[in-house]
Amino acid sequence: MQSLSTPSPIKSLIRPRSRVTRVSPNKLVLQCIYNSDSVSFQNGVGLNRADWQSSCAILASKVVAQQQPIDKSGSGGDADGVADHVAAVNGHKTSVDLNLVPIEKATSNPNSNTSIKPHQPQKPLTITDLCPAPMHGSQLRVAYQGVPGAYSEAAAGKAYPNCEAIPCDQFEVAFQAVELWIADRAVLPVENSLGGSIHRNYDLLLRHRLHIVGEVQLPVHHCLLALPGVRKEYVKRVISHPQALAQCELTLTKLGLQAAREAVDDTAGAAEYIAANNLRDTAAIASARAAELYGMQILADGIQDDSSNVTRFVMLAREPIIPRMDRPFKTSIVFAHDKGTSVLFKVLSAFAFRNISLTKIESRPHRNRPIRLVDDANVGTAKHFEYMFYVDFEASMAEVRAQNALAEVQEFTSFLRVLGSYPMDMTPWCPSIGDDDEKNPF
Ligand SMILES: O=C(O)C(=O)Cc1ccccc1
């Protein structure tokens, strides 16, 4: 049975040396003059793009805050202070003076010198000026890791209906595709309700300067796939993404499969590999769509160990979205601290005292400084592992309480970055098909 023709995934891309900047004619050009940091750039050239985009978020938060009642609780955080809070948090330790100048109308002659006119009084900015009209996914190109039939592809379709999903052979490639303007967004799994966090993507979030602009929670329904005619007894090997293998471990054992488990890059890729190589002793854990795409039969359906198996994906973009307060928002941050006692307690209390709920705390090795040695003449040298801490909390950066909490956290951390402030996925979901009691008698 021939597999359907499917686009081949983007292979590794050359890591960009300089960030590609492309400003569309109607896009405002930020002329950001940073004081004390002595960092300045004109027309979006000079400072790296991510800092420029953070400035957009700063400006946007300032604009949004000016539309919100100012917090009179004495906890500070007036509208004027908003840019400083968010500026400090995004790594700009000084206040930012933003002058917005509209660029010249694009002329027909590309070589004409469309120099920026001196600043003249312009009509007041509105949110629409800073928030390009959503494209509702109709023209969006969305990079994901895997091949067609992967759950990441399904997540891309849930996040951006009618988008053009672009398969990439590695998570890193999906990041680079967005940075190189090959894609407009990337959708990547970050955690699963059974298998836990996908650490690779937490590390990549720190290494790259993309912004989290949304999340989708996707119920994952695993199937055991094999070539037509293959019986379960013939299977000597089961291959799939490590997360999928972990999510189906108990069920595979209960199915009596005496087969070796082998991890591959993605679930649908496992099915494609079996079909392409006509492997009659190998089965894949993948989606029903992968079975259809690669001409495979479903030996067992709904084999995840728990019917409420959900994977959380995040959507990444080159620019942050404007934090709002009209719907439930979540904010993701990453921080590190040098030394000092009970720093973690202080960080958590900065949120607790403002009644902000945390939904996630994840620690990852501090790649640049994995171990800190603390000498004590009396008892020798203590070796402290150094960590980066990722925290998700349920508040929008447009809220004064969130800005104040981060301003406080920034006081006792050596590094703090806002990965994104974005709408929570509130879509109802039904657990995967299957009788939960029968599968989970414990
Ligand atoms: O391999 C895939 O299909 C992915 O998209 C990664 C993944 C694997 C298992 C559960 C959720 C996402």
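Order of listing sets the numbers, starting from 1, for every ligand and every atom in it. Numbering starts at 1 and runs along the sequence shown.
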Exercise. With side chains defined as the heavy atoms from C-beta onward, is the minimum distance between Phe313 and Leu218 less than 4.5 Å?
Worked result: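 A side-chain contact exists here, since the closest heavy-atom pair is under 4.5 Å.
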
Exercise. Which of these, Thr267, Leu225, Val238, sits in a side-chain contact (heavy atoms from CB on, under 4.5 Å) with Ile285?
Worked result: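 Going through the options one by one, the only one that passes is Val238.
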
Seminar exercise, completed: Note: Asp266, heavy atoms under 4.0 Å from ligand 1, region reported as both

For this session: Answer yes or no: is there an ion pair linking Arg354 with Glu408, defined by an N-O contact shorter than 4.0 Å?
Result: yes

Exercise. Under 3.5 Å, is there a donor-acceptor pair linking the side chains of Ser197 and Lys360?
Worked result: yes

Exercise. Has ligand 1 got any nitrogen or oxygen that is less than 3.5 angstrom from a nitrogen or oxygen of Tyr151?
Worked result: yes

In terms of residue, atom name and distance, what is the protein heavy atom nearest to [atom]?
atom	result
atom 11 (C) of ligand 1	Thr311 OG1, 3.3 Å
atom 1 (O) of ligand 1	Thr267 N, 2.8 Å
atom 5 (O) of ligand 1	Ser152 OG, 2.5 Å

Problem set entry | Centroid-centroid under 6.0 Å between His221 and Tyr151 rings | no

Problem set entry | From the candidates Gln145, Arg312, Gln243, the one that places a heavy atom nearest atom 9 (C) of ligand 1 |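 Minimum heavy-atom distance to atom 9 (C) of ligand 1 goes to Gln243.
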
